Amino acid sequence: MKRAGFAGFVFLVCLAVSLSLVAAQGIEDTPLPPDATQSPIITPTPLPKPAPVHVVEQDGTVVELFFNSIAQGQVGLVHVHGEGIAGARARLFNNLVDFFPIDGDGFYGLLSAGMEQNPRTYDLTIFAWYEDNRRVSIVIPVEVVRGNFIRQEITMAPDRAYLVDAEIERGELARLESIFSQYTPERLWDDKGFQMPILNSQLTSPFGAFRNFNGILQTRHTGWDIRTTMGVPVMASSAGVVAYAGRLDIRGNLVVVDHGFGIYSTYSHLSQIHVTRGQSIVKGQIIGVTGDTGRSSGPHFHWEMAVNGDFVDSVQFTETWLP
Ligand SMILES: [Zn+2]
């Protein structure tokens with residue numbers, strides 16, 4: 001009886017999978033390029049765990065900082081542990097950051113500095129609480145250092161010059177902010193970390209650049225640009241749930257992936273989107289293909305990461321070890 005029940009379950013699962021495949025094919029108007037059918041690509045070797053840079057111990061609570069300072073637009077990892085610890089969080093620049101548990105290894109939290117955070121020393125307050133209701137708070141000075149950002153003059157072609165508009169830009173950033181504020185208190189990324197969304201990527205325009213569009217709009221570059229042709233498969237940087245799949249004025253066809261604990265990745269200017277909102281995806285899964293939609297002057301790929309609502313340097317992020 002048990003076996004029959006299991007077989008029935010397997011059949012139902014297979015039926016559900018084939019039905020969803022039919023549904024997915026039904027909404028695709030263009031066939032996938034041959035490359036897009038390849039199986040997910042997983043980074044072969046996850047980053048090794050680094051040694052902490054600073055260790056602070058107080059009242060049985062150990063705080064390890066995996067950074068010396070945080071540059072504007074970058075992230076810094078913190079580890080908190082102690083006998084019987086039940087939870088931890090941190091406050092930095094009036095942001096509260098929840099820490100995530102790792103089995104038998106206490107709690108980890110990812111701090112972020114926005115690209116416009118004033119460079120100086122701030123108080124980082126770590127709060128830890130224990131099974132016996134003990135509470136510990138520890139204040140550690142953390143320095144934010146100036147980011148290394150370039151300046152760019154960009155000319156948009158007349159047919160898309162209407163997108164060089166402060167109102168459109170503000171509206172789109174507000175839209176993204178509201179997506180990033182949907183906080184999932186769950187670690188959705190996998191233990192192999194984050195990877196570049198396009199294989200053999202050639203990075204072009206850097207994160208954080210001060211940009212002047214057509215001599216009239218001053219703005220910041222919120223991600224990295226990757227040189228590409230049309231129709232190149234774009235992979236999810238890590239596992240997560242699709243938080244947005246649709247079209248915005250500046251980013252064009254856009255996918256946003258929620259990785260949990262306030263970490264998001266975005267994939268812009270796509271010609272096709274192959275996922276839908278609410279869908280769970282694995283690391284390396286192809287979520288769409290490159291294009292030239294939105295405020296773009298030729299096929300390229302714009303890749304963003306956001307942490308705690310701040311856009312952060314996506315390349316530095318993938319080079320940061322995460323448990
Ligand atoms: Zn870009």
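Every number for a ligand or one of its atoms is a count from 1 in the order of the listing. The model shown is predicted, which means the values in this text are computed figures rather than measured ones. All values below come from the heavy atoms of this structure, side chains included, with hydrogens, waters and symmetry mates left out.
For Arg247, the CZ atom counts as densely surrounded, since its 6.0 Å shell holds more than 12 non-hydrogen atoms of other residues, nucleotides or ligands.
At least one N, O or S atom of His302 sits under 2.8 Å from the Zn ion (ligand 1). The distance from the Zn ion (ligand 1) to the nearest N/O/S atom of His269 is not under 2.8 Å.
Of all N, O or S atoms in Asp225, the one lying closest to the Zn ion (ligand 1) is OD1.
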Assess whether ring pair (Phe, Tyr, Trp, His ring centres under 6.0 Å) is satisfied between Tyr244 and Tyr264, documenting all intermediate values.
CA-CA 11 Å; Tyr244 182 85; Tyr264 285 84; over 10 Å; no

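For the pairing with Arg251, the side-chain hydrogen bond (donor to acceptor under 3.5 Å, both in side chains) check across His269, His302, Glu172 returns one residue only, Glu172.
With salt bridges taken as basic N to acidic carboxylate O contacts below 4.0 Å, one links Glu167 and Arg170.
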